[in-house]
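What follows is a single structure, written as structure tokens, with notes after it.
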There are 2 protein chains.
Amino acid sequence: MADITVLIVDDHPVVRDGLRGMFAGTAGFRVVGEAADGRQAVALAERLRPDVVLMDLRMPGGGGVEAITELTRRGLPCKVLVLTTYDTDTDTIPAIEAGATGYLLKDAPRDELFDAVRAAAEGRTVLSPAIAARLVSRVREPRSESLTARELEILRLVARGTSNREIAAELFISEATVKTHLTHIYAKLDVKDRAAAVAAAYERHLLP
Amino acid sequence: MADITVLIVDDHPVVRDGLRGMFAGTAGFRVVGEAADGRQAVALAERLRPDVVLMDLRMPGGGGVEAITELTRRGLPCKVLVLTTYDTDTDTIPAIEAGATGYLLKDAPRDELFDAVRAAAEGRTVLSPAIAARLVSRVREPRSESLTARELEILRLVARGTSNREIAAELFISEATVKTHLTHIYAKLDVKDRAAAVAAAYERHLLP
DNA sequence: CCTGCCATCAGCCGATTGGTCGATGCCGCC
DNA sequence: GGCGGCATCGACCAATCGGCTGATGGCAGG
């Protein structure tokens with residue numbers, strides 16, 4: 001059986017070298033190219049027609065999600081395996097929606113990575129456990145979690161730079177309660193801190 | 001000389017009672033009314049024509065800044081003395097721009113409060129030291145601070161919920177540098193934490 | 001009546017943040 | 001050649017934040 005051809009896309013040379021080295025020392029794979037951003041990735045994928053694209057998200061000059069979207073739009077037959085550093089990315093879901101075949105964390109053991117690439121080449125979906133869990137919970141809750149009036153009130157104050165203690169004083173409740181509300185807000189907006197919550201609120205037009 | 005007539009505006013009954021009590025026990029002042037939000041404040045000020053309006057910012061149902069704007073728009077002769085809990089409000093400058101005559105913190109000693117009301121009645125400006133300092137620094141920097149490319153880059157990541165450590169890794173710089181950039185961002189946007197910075201960025205259309 | 005949602009609160013913990021010094025190197029501009 | 005803006009880093013410290021576990025009361029809907 002022919003080798004699986006791989007295109008490596010990452011803005012960090014170190015990571016590219018590391019990946020290239022790993023595949024070089026393993027039978028069954030062949031790295032056919034490297035790209036440092038989304039635009040290069042699309043161009044190279046078009047020319048080299050790799051079986052699998054190993055794609056980092058978050059790159060300067062053409063993000064990963066856009067690149068994936070573009071690849072699927074052009075109908076290229078290659079499979080995209082997202083390989084990222086953090087599982088907390090808000091890009092996780094968009095990347096999968098854009099057409100990524102799998103999603104792995106960079107700290108995955110090498111064997112796991114090889115398995116994932118083989119799986120991707122065959123079109124099978126491979127997700128890291130953390131991502132899988134998030135996807136499941138996402139499906140279980142059919143979107144559009146809306147904030148309660150109280151939660152919105154608190155979020156507005158957060159957007160003004162008000163601290164938890166100040167919010168508590170302002171609303172005549174305890175700091176513990178404020179934190180509870182915030183935890184709920186984070187869960188509903190699928191973010192992990194107040195800054196991202198504010199951004200999400202603006203994106204969804206919950207704030208002017 | 002006639003008493004100075006005062007209108008108290010605060011959403012907290014406790015605060016209203018406290019203020020009313022203080023003025024009741026002091027010669028030279030007369031509390032002519034109370035309001036619990038901005039709209040009531042404007043209506044009462046129109047009817048009662050007080051010399052001085054003691055105004056809290058941040059109230060449910062008609063914020064203080066809007067009320068001040070409305071009062072000046074209607075050309076009412078009353079002076080507005082802002083009386084608030086925190087000097088960290090992002091509302092500080094807007095309130096003064098809207099036409100507030102003075103700005104005091106609620107923890108000011110009573111004598112200071114009385115002096116401030118007398119001063120306001122005569123049209124003299126009284127600012128708490130902290131506010132005065134901020135105003136000065138504001139004047140020294142003639143506005144419209146724009147963010148550098150690097151700062152914007154960091155702010156974008158912050159809006160995604162990225163931690164300082166993660167930003168550092170992503171951009172190949174140290175965490176110290178990220179913090180330095182953030183400090184600059186806070187100063188330029190006149191906010192004090194990342195959540196407010198994100199909000200300010202959206203307000204000023206620095207982010208999509 | 002019971003169940004679920006909402007709002008409220010407590011206490012503990014580690015991680016993160018923001019503040020404040022100071023310092024360096026690069027670059028463009030006058 | 002100096003000056004200012006920008007980006008970079010370090011170290012230390014207090015405050016804040018977020019996560020976790022668990023609990024209570026009110027109120028609506030089944």
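Note that the structure is predicted; figures quoted are calculated from it, not measured. Proteins come first, then strands; the chains are lettered A, B, ... in the order of their sequence lines, and each starts at number 1.
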Under 3.5 Å, is there an N or O donor on one side and an acceptor on the other linking the side chain of B:Thr180 and the base of D:dC9? yes
Ignoring hydrogens and angles, does a donor from either the side chain of A:Lys192 or the base of D:dG18 sit under 3.5 Å from an acceptor on the other? no
Closest nucleotide among [options] to the [X] side chain:
{"X": "B:Tyr186", "options": "D:dG18, D:dC9, C:dG18", "answer": "C:dG18"}
{"X": "B:Ser174", "options": "C:dG18, D:dG19, D:dC9", "answer": "D:dC9"}
{"X": "A:Lys179", "options": "C:dC12, D:dG10, C:dT20", "answer": "C:dC12"}

5'-most contact on DNA chain D (nearest-nucleotide basis), B:Glu151 vs B:Glu175, goes to B:Glu151
Whole Å only: how far is the [atom1] atom of [X] from the [atom2] atom of [N]?
{"X": "B:His181", "N": "D:dC6", "atom1": "NE2", "atom2": "P", "value": "11 Å"}
{"X": "A:Leu147", "N": "C:dC6", "atom1": "CG", "atom2": "C1'", "value": "13 Å"}
{"X": "B:Ile185", "N": "C:dT17", "atom1": "CD1", "atom2": "C1'", "value": "14 Å"}
{"X": "B:Asn164", "N": "C:dT17", "atom1": "CG", "atom2": "C1'", "value": "7 Å"}
{"X": "B:Asp193", "N": "D:dA15", "atom1": "CG", "atom2": "P", "value": "17 Å"}
{"X": "B:Arg165", "N": "C:dG18", "atom1": "CZ", "atom2": "P", "value": "14 Å"}
{"X": "B:Phe172", "N": "D:dT8", "atom1": "CZ", "atom2": "P", "value": "13 Å"}
{"X": "A:Leu171", "N": "C:dC9", "atom1": "CG", "atom2": "C1'", "value": "15 Å"}

Would you say B:Arg150 places a side-chain N or O within less than 4.0 Å of OP1 or OP2 belonging to D:dC6? no
Phosphate OP1/OP2 of C:dA7 contacted by A:Thr148 side-chain N/O (<4.0 Å):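 Yes.
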If we fit an axis to the first five pairs and another to the last five of the helix from C:dC1-D:dG30 to C:dC30-D:dG1, what angle do they make, to the nearest 10°? 50°
What do the steps show when you test B:Val15 against B:Leu83 for side chain to side chain contact (heavy atoms under 4.5 Å, CB included), and what is the final call? CA-CA 11 Å; B:Val15 175; B:Leu83 196 59; 5.9 Å; no
Report which part of the nucleic acid B:Thr177 touches: base, sugar-phosphate, or nothing (heavy-atom distance under 4.0 Å, all strands). base
Please verify the inter-ring angle class for A:Phe23 with A:Phe29; under 30° counts as parallel, over 60° as perpendicular, anything in between as tilted.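 Correct class here is perpendicular.
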Residues B:Ala159 and A:Ala199: closest non-hydrogen pair is O-CB, 3.1 Å
Looking at A:Val32 and A:Leu7, what are the two nearest heavy atoms and their distance?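 Nearest heavy atoms, A:Val32 then A:Leu7: CG2-N, 4.4 Å.
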Is A:Glu153 salt-bridged to A:Arg150, cutoff N-O under 4.0 Å? yes
Pair A:Val6, A:Leu19 - check side chain to side chain contact (heavy atoms under 4.5 Å, CB included), show working. CA-CA 10 Å; A:Val6 178; A:Leu19 288 172; over 6 Å; no
Got more than 12 heavy atoms from elsewhere within 6.0 Å of CZ, A:Arg20? yes
